[in-house]
Amino acid sequence: MLKIPAITTSNWPEKAVHNLISAVSLIVFAFLDLLDIVLCLFYRFIDGIKEENTFPCYCENRGTHGRSANGDEDDGEIELSETLFQRKNIFRDLGLLEFTKEREGSLKNDGLMVKNRWSDCNCESCLSWQKLEDRKLHVVIKEPSQANMKPAENVIFLHGFLSSSSLWTETVFPNISETGNQNCRLFAVDLLGFGKSPKPRDCLYTMKDHLEMVEKSLINQFQLESFHLVAHSMGCIIALAIAAKYQKSVKSITLIAPPYFPSSKEKASLNALNRLAERRLWPPLLFGSSVMSWYEHLGRSICFLICRNHRTWEWLLKLITGKRELPFMFVDLTRHTHHSAWHTMHNVICGGAKLMDGYLEAVSSSKIVLTVIQGDKDEVVPLECMHNMKLKVPSAEVKIISNANHNFLILERKENFTRDLEHIWYSAAENYKQNLCS
């Protein structure tokens, strides 16, 4: 006989709230689906007037997933993420855009596509990279304190999404011990499309693009024969790509809150999108991630209002708070274009998910010292990601920091965090020497 579970007084309020949120979520995201279609048509019209050279959005190019940036069939690190093309939208899937004529687009560098779009900020600080003859990433270097001393340890720091090198220069750099000051050379980089680094439009910000720019601006530029890697969030994926390619040069990798969801290669990208940006109203942070990850044109509109007018917002905040300098994390949030952030999010965070297993296998086989650190209150990257990585690389050392979330894992424990890093570097250096001798 079928038994119907009784609704107890202890769980029915929770279920009622859950069902209510689910129902409201369906309505809200249906509205956002429609709004994104309307904005798609709006930007097609305005772009055609304001821009000399345009290329189609991903609402139009629905069948080109798995192609490289120049349109050729390819795979690996130059492949575009399926999430760019397979994001669900009930109105687009019903064919609401089929009556419009699809435009021909190009990503060829003819001098026009390098310039910012009309909806991007054109202030001097945001365009400073265009004045550089040899476009390389912006790198902040902390040299050893003793002049003419060759550093024993080189360390490369990679930031996460919507961040910059300031994450490290404001936390780790000032707290390095005297021993570290004498023996370590630190490199904090603004990744392609963020901070003070170039943000070209003739780029799709694939894993290959990011990896090549780090090579060009750091590894080759400074002729680094050996180095340590420290990365946060999205930067962890790029760090693992570097380690997989430079297995004999990397002494250690420290990953802080790395996004890793084991899945088949065919489903990995969409799985990462659904796990990191599930279409839900609650919690608010997840709702914000879902809006910016699922809606190309709505995200562009938000960037238009906030990033394009960042000087106004900064002035208002300084006026309200009475402070001459704003927190670097607030400033970093606006230092990108929609094009650079949108493609990096999909091609690195989501697209990189199908490459993670290969990277981790390479790291595991090369005996590189791997340390994974994550806060137990992280609402951006689930704690399970750390456990997933431990299962994939059993030799990895994992550390759970209590009462720490995604960013304050670093920000609230600067000195202890820096001491932990230095301990990892020196221990790994000894291990590296032993491996060279064996």
Side-chain angles (χ1 to χ4, degrees), residues 1-43 57-60 62 65 81-99 161-162 233 257 259 261-264 266-306 333 338 341-342 345-346 349-350 353 376-385 388 405-406:
M1 182 177 178
L2 180 63
K3 293 184 178 180
I4 301 176
I7 300 178
T8 64
T9 56
S10 61
N11 63 16
W12 76 263
E14 182 179 342
K15 290 184 177 180
V17 171
H18 175 77
N19 292 335
L20 178 61
I21 292 176
S22 298
V24 175
S25 294
L26 287 174
I27 297 172
V28 170
F29 282 101
F31 170 75
L32 295 178
D33 284 355
L34 179 60
L35 180 59
D36 204 55
I37 294 295
V38 173
L39 289 172
C40 173
L41 298 175
F42 169 78
Y43 283 120
C57 64
Y58 293 100
C59 297
E60 297 177 75
R62 303 298 294 168
H65 64 279
S81 172
E82 293 87 350
T83 57
L84 286 167
F85 310 93
Q86 296 181 13
R87 290 167 293 110
K88 293 182 179 180
N89 182 305
I90 58 176
F91 296 100
R92 183 176 57 223
D93 295 341
L94 289 172
L96 199 60
L97 290 173
E98 289 182 0
F99 67 91
F161 191 61
L162 302 187
S233 194
F261 303 96
S263 180
S264 64
E266 294 76 19
K267 298 180 180 180
S269 298
L270 288 168
N271 182 45
L273 176 63
N274 284 310
R275 294 302 307 275
L276 295 171
E278 185 181 357
R279 287 163 52 120
R280 290 174 51 190
L281 289 179
W282 196 265
L285 185 62
L286 182 60
F287 175 67
S289 298
S290 62
V291 169
M292 298 303 293
S293 302
W294 286 86
Y295 299 105
E296 180 178 3
H297 305 290
L298 185 55
R300 182 180 173 184
S301 299
I302 294 173
C303 286
F304 173 76
L305 292 173
I306 298 178
L333 285 174
H338 176 255
W342 174 258
M345 173 176 55
H346 283 280
I349 298 178
C350 297
D376 62 353
K377 304 296 184 183
D378 197 327
E379 293 184 348
V380 178
V381 176
L383 197 60
E384 69 177 86
C385 290
N388 293 337
N405 64 20
H406 192 66

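Side-chain atoms are counted along with the backbone in the values below, which use heavy atoms only and exclude waters and symmetry mates. Positions are given from 1, in the same order as the sequence printed here.
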Hey, is the main chain of D36 close enough, under 3.5 Å, to the side chain of R92 for a donor-acceptor pair?
no
Taking only residues two or more places apart in sequence, or in another chain, which ones meet E278 in a salt bridge (Lys or Arg N to Asp or Glu O under 4.0 Å)?
R280
Pair L39-S301, side-chain contact (heavy atoms from CB on, under 4.5 Å): steps then yes or no
CA-CA 8 Å; L39 289 172; S301 299; 3.6 Å; yes
With sequence neighbours excluded, what pairs up with H297 under the ring pair (Phe, Tyr, Trp, His ring centres under 6.0 Å) test?
none
Quick one: which residue pairs count as a salt bridge (Lys or Arg N to Asp or Glu O under 4.0 Å) with a foot in residues 16-32, not counting sequence neighbours?
none
Gap between atom OG of S233 and atom CD1 of I349 - 0.5 Å precision
6.5 Å
Going by salt bridge (Lys or Arg N to Asp or Glu O under 4.0 Å), name the residues that satisfy it together with D33, two or more places apart in sequence or in a different chain.
R279
Provide the full list of side-chain hydrogen bond (donor to acceptor under 3.5 Å, both in side chains) pairs with a residue in residues 19-32, sequence neighbours left out, each pair given once.
none
Roughly how far, to the nearest 0.5 Å, is CG of D93 from CD of Q86?
10.5 Å
Roughly how far, to the nearest 0.5 Å, is CZ of F304 from OH of Y43?
7.0 Å
Qualifying residues under ring pair (Phe, Tyr, Trp, His ring centres under 6.0 Å), relative to Y295, sequence neighbours excluded
none
Taking every non-hydrogen atom, the tightest pair across P382 and R275:
CG-NH2, 4.3 Å
Give the minimum heavy-atom separation between W342 and M292, together with the two atoms involved.
CZ3-O, 3.3 Å
Heavy-atom closest pair (V381 atom, P259 atom, distance to 0.1 Å) is CG1-CA, 3.9 Å
Ignoring hydrogens and angles, write down the donor-acceptor pairs under 3.5 Å from the side chains of residues 283-291, residues two or more places apart or on other chains.
unit_1: S289; atom_1: OG; unit_2: L285; atom_2: O; d: 3.1
unit_1: S290; atom_1: OG; unit_2: L286; atom_2: O; d: 3.4
unit_1: S290; atom_1: OG; unit_2: F287; atom_2: O; d: 2.6

Look up atom CG in N89 and atom CD1 in I37, then write down how far apart they are to the nearest 0.5 Å.
4.5 Å
Report the distance from atom CG of L32 to atom CD1 of I90, rounding to the nearest 0.5 Å.
10.5 Å
Please list, chain by chain and in numerical order, all residues satisfying side-chain hydrogen bond (donor to acceptor under 3.5 Å, both in side chains) with S269, sequence neighbours excluded.
E82
What distance do L34 atom CG and F29 atom CZ have between them, rounded to the nearest 0.5 Å?
14.5 Å
Do the side chain of R300 and the main chain of E296 share a donor and acceptor less than 3.5 angstrom apart?
no
Can you find a heavy atom in the side chain of R87 that is under 4.5 Å from one in the side chain of Y58?
yes
For K267, is there any backbone N or O sitting under 3.5 Å from a side-chain donor or acceptor partner on N271?
no
Go through the structure and list residues passing ring pair (Phe, Tyr, Trp, His ring centres under 6.0 Å) with F261, not counting sequence neighbours.
none
